[in-house]
*Asks:* 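Encoded as structure tokens, here's the structure I'll be asking about.
Bear in mind the structure is a predicted one, so any value in this text is a computation, not a measurement. Keep in mind that the numbers below use all heavy atoms, side chains included, and drop hydrogens, waters and symmetry copies.
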Amino acid sequence: MYKVSSYYDITENLRSTGNFRSIPAGNSDGRALIDLSSNDYLGLAEMQSLQERFFSDRANRLIPMTSSAARLLAGRQEEYLNLEKFLEELYLRPALLFNSGYHANTGLISSLAQAGKTLIVADKLAHASIIDGIVLSKADFTRFRHNDLNHLERILAKDAAKYDRVIIAVESVYSMDGDRADINALAEFKERYPNILLYVDEAHAFGVEGKQGLGLCRESSKYENVDVVVGTFGKAAASMGAFAAVSREIKDYLINRARSFIFSTALPPISAAWTRYMIETFLPMDDRREHLRKLGHILHNILQPLSPDFTITPSHIQPMIIGEASRTVEASMSLREEGFKVLPIRTPTVPPGTERLRISLSAALTVEDIARFGEALKQIMASL
């Protein structure tokens, strides 16, 4: 007879394999740590002057701190509509707000796909929220090898004609490896397969990549072929929430069918106002984006020799592959002793055998910070 494992047995197994997770205590020991695990890519979350300037406007101080209702029921819409209109001006198409990137991906994909009529083809390393959206959709799906467009082509040639619609789901900058999708090449598939809907999650590109930080899709010469652009506010924009830039037809459909939009209490109006303010702030910050790129190249020159069997992309996200959970945790703890916060990433977030330190850069860091980190990392890797 099949025996169901107790929750205790499951967590003990996680402990024994080095995969048990707990909420970090932060810097409660009072030590100043250089944070290399945050997604505050432009360093705006650390700039208290931005908050002071925002709240110096009395009108902002009077914006409600809660919506108290789902978006379709909320009495106050001004801040949401202002932000959506602003995003529409930037992306040249309508925008719809969601409470988080997770809400966006699960709500969008589960509603855009129809069981029996849609095939979803996702990159092997697509984010968990995309995978959860696929599962919720109950549509047929498959996955192509990471960034392998020849493999994607073979899948489409074999299966695309069997379905009313094929959704290709990718990230523009991948959250664990920091490498990039080829947006132009992906967009060209729509010219050969007219039933394709191209879905691109720009969570880790928004604010950082492309002209004005609007991501890789907006900069693409084939931008019109990208049907859905998802961006999140909780990373480079130092706020919270997410958006989808889509056609008017798709926006109207989502308002009526995306369950994560319909059945969630809306973001606080103050959050929407703050988000618009932060986007207006980062649009001209090309100097910070350039500094971030410079740091990425310096870090790449440190990491690649330490990981010769894994190709690392110069980026604001880079992995130090260790390949074993317990050793990855040990390396993280040792780096903390040296003054660096770099948290371990383990299975199931990444495939077994690719356990890693995920290093996230911020424009608030200096060249000297990265150099000191590199020296500490080299010594720790040599001692593991």
*Asks:* What are the two closest non-hydrogen atoms of P284 and T281, and how far apart are they?
*Replies:* CD-O, 3.2 Å
*Asks:* If you round to the nearest 0.5 Å, how far is OG of S67 from CD of Q77?
*Replies:*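 Those atoms lie 9.5 Å apart.
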*Asks:* For the residue pair M320 and I359, what are the closest heavy atoms and their distance?
*Replies:*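 Taking every non-hydrogen atom into account, CB-CD1, 4.2 Å.
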*Asks:* What's in the same ILVMFWY side-chain cluster as I345, cut-off under 4.5 Å, chained through other members?
*Replies:*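 Under the 4.5 Å side-chain rule, I345 groups with M176, V350.
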*Asks:* With T366, which residues qualify under side-chain contact (heavy atoms from CB on, under 4.5 Å), at least two apart?
*Replies:*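 Partners of T366 by the side-chain contact (heavy atoms from CB on, under 4.5 Å) criterion, ordered by chain and then number, come out as E368, D369.
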*Asks:* Under the rule for salt bridge (Lys or Arg N to Asp or Glu O under 4.0 Å), what residues qualify as partners of E375, not counting sequence neighbours?
*Replies:*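 Testing E375 for salt bridge (Lys or Arg N to Asp or Glu O under 4.0 Å), a comparison that skips the adjacent residues, returns K378.
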*Asks:* Does V173 belong to the same Ile/Leu/Val/Met/Phe/Trp/Tyr cluster as M285, with side-chain heavy atoms less than 4.5 Å apart forming each link?
*Replies:* yes
*Asks:* Is there a path of hydrophobic side-chain contacts, each under 4.5 Å between heavy atoms of I/L/V/M/F/W/Y residues, joining L42 to L216?
*Replies:*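 Shared cluster, yes.
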*Asks:* With sequence neighbours excluded, tell me which residues meet salt bridge (Lys or Arg N to Asp or Glu O under 4.0 Å) with E153.
*Replies:*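 Only R192 meet the salt bridge (Lys or Arg N to Asp or Glu O under 4.0 Å) criterion with E153.
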*Asks:* So does D140 pair up with K162, basic N to acidic O under 4.0 Å?
*Replies:* no
*Asks:* The criterion is side-chain contact (heavy atoms from CB on, under 4.5 Å); which residues satisfy it with T275, sequence neighbours excluded?
*Replies:* L83, F233, S239, I279
*Asks:* Group every Ile, Leu, Val, Met, Phe, Trp and Tyr by side-chain heavy-atom contacts under 4.5 Å, then state whether F98 and M240 land in the same group.
*Replies:*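 No, no single cluster joins them.
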*Asks:* Ignoring hydrogens, what is the shortest heavy-atom contact between A113 and I120? Give both atom names and the distance.
*Replies:*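 Smallest interatomic distance, heavy atoms only, reads CB-CD1, 3.7 Å.
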*Asks:* Partners of D286 by salt bridge (Lys or Arg N to Asp or Glu O under 4.0 Å), sequence neighbours excluded?
*Replies:*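 Once residues adjacent in sequence are excluded, the partners of D286 under the salt bridge (Lys or Arg N to Asp or Glu O under 4.0 Å) criterion are R289.
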*Asks:* What I'd like to find out is whether the side chain of I168 reaches to under 4.5 Å of the side chain of L156, using heavy atoms alone.
*Replies:*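 With C-beta onward as the side chain, the pair touches.
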*Asks:* Got a sec, which pairs hit ring-ring contact (aromatic ring centres under 6.0 Å, His included) with one end in residues 274-295, sequence neighbours left out?
*Replies:* F54-W274, F54-Y277, F206-F282, W274-Y277
*Asks:* Applying side chain to side chain donor-acceptor pair (under 3.5 Å), which residue pairs with at least one partner in residues 194-211 are found, sequence neighbours left out?
*Replies:*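 Non-adjacent pairs meeting side chain to side chain donor-acceptor pair (under 3.5 Å): Y41-H204, N105-Y199, N105-D201, S172-E202, R180-E209.
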*Asks:* Hey, could you give me each pair passing ring-ring contact (aromatic ring centres under 6.0 Å, His included) that has a residue in residues 164-198? Not counting sequence neighbours.
*Replies:* H146-Y174
*Asks:* Any idea which heavy atoms bring A187 and N225 closest together, and the distance?
*Replies:*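 Closest pair (atom of A187, atom of N225, distance): O-ND2, 3.1 Å.
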*Asks:* Does F340 belong to the same Ile/Leu/Val/Met/Phe/Trp/Tyr cluster as L343, with side-chain heavy atoms less than 4.5 Å apart forming each link?
*Replies:* no
*Asks:* If you round to the nearest 0.5 Å, how far is CD of Q114 from CG of L119?
*Replies:* 13.5 Å
*Asks:* Among L365, L335, V342, find the residue that satisfies the side-chain contact (heavy atoms from CB on, under 4.5 Å) test when tested with I34.
*Replies:*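 One option only clears the test, and that one is L365.
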*Asks:* From S264 OG over to R71 CZ, what is the distance, rounded to the nearest 0.5 angstrom?
*Replies:* 12.5 Å
*Asks:* With sequence neighbours excluded, what pairs up with E191 under the salt bridge (Lys or Arg N to Asp or Glu O under 4.0 Å) test?
*Replies:*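 Checked E191 against salt bridge (Lys or Arg N to Asp or Glu O under 4.0 Å); matches are K222.
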*Asks:* Give me the atom names and distance for the closest heavy-atom approach of R346 to F20.
*Replies:*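 Between these two residues, the closest heavy atoms are NH1-O, 3.1 Å.
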*Asks:* With ILVMFWY side chains joined below 4.5 Å, transitively, what does M333's cluster contain besides itself?
*Replies:*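 M333 shares its hydrophobic cluster with V329.
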*Asks:* Is there a donor in the side chain of T313 and an acceptor in the side chain of Q318, or the other way round, less than 3.5 Å apart?
*Replies:* no
*Asks:* Taking all heavy atoms of L384 and all of R327, pick out the closest pair and write down the distance.
*Replies:* CB-NH2, 3.6 Å
*Asks:* Going through the checks in order, is the side chain to side chain contact (heavy atoms under 4.5 Å, CB included) test met by L44 and R288?
*Replies:* CA-CA 10 Å; L44 302 185; R288 295 182 81 85; 4.1 Å; yes
*Asks:* Extract all donor-acceptor atom pairs below 3.5 Å that involve side chains of residues 87-95 and protein atoms in other chains or at least two apart in sequence.
*Replies:*
unit_1, atom_1, unit_2, atom_2, d
Y91, OH, L214, O, 2.9
R93, NE, Y223, OH, 3.2
R93, NH1, V226, O, 2.7
R93, NH2, Y223, O, 3.3
R93, NH2, V226, O, 3.2

*Asks:* Assess whether atom CZ of F141 is packed by more than 12 heavy atoms of other residues, nucleotides or ligands within 6.0 Å.
*Replies:* no
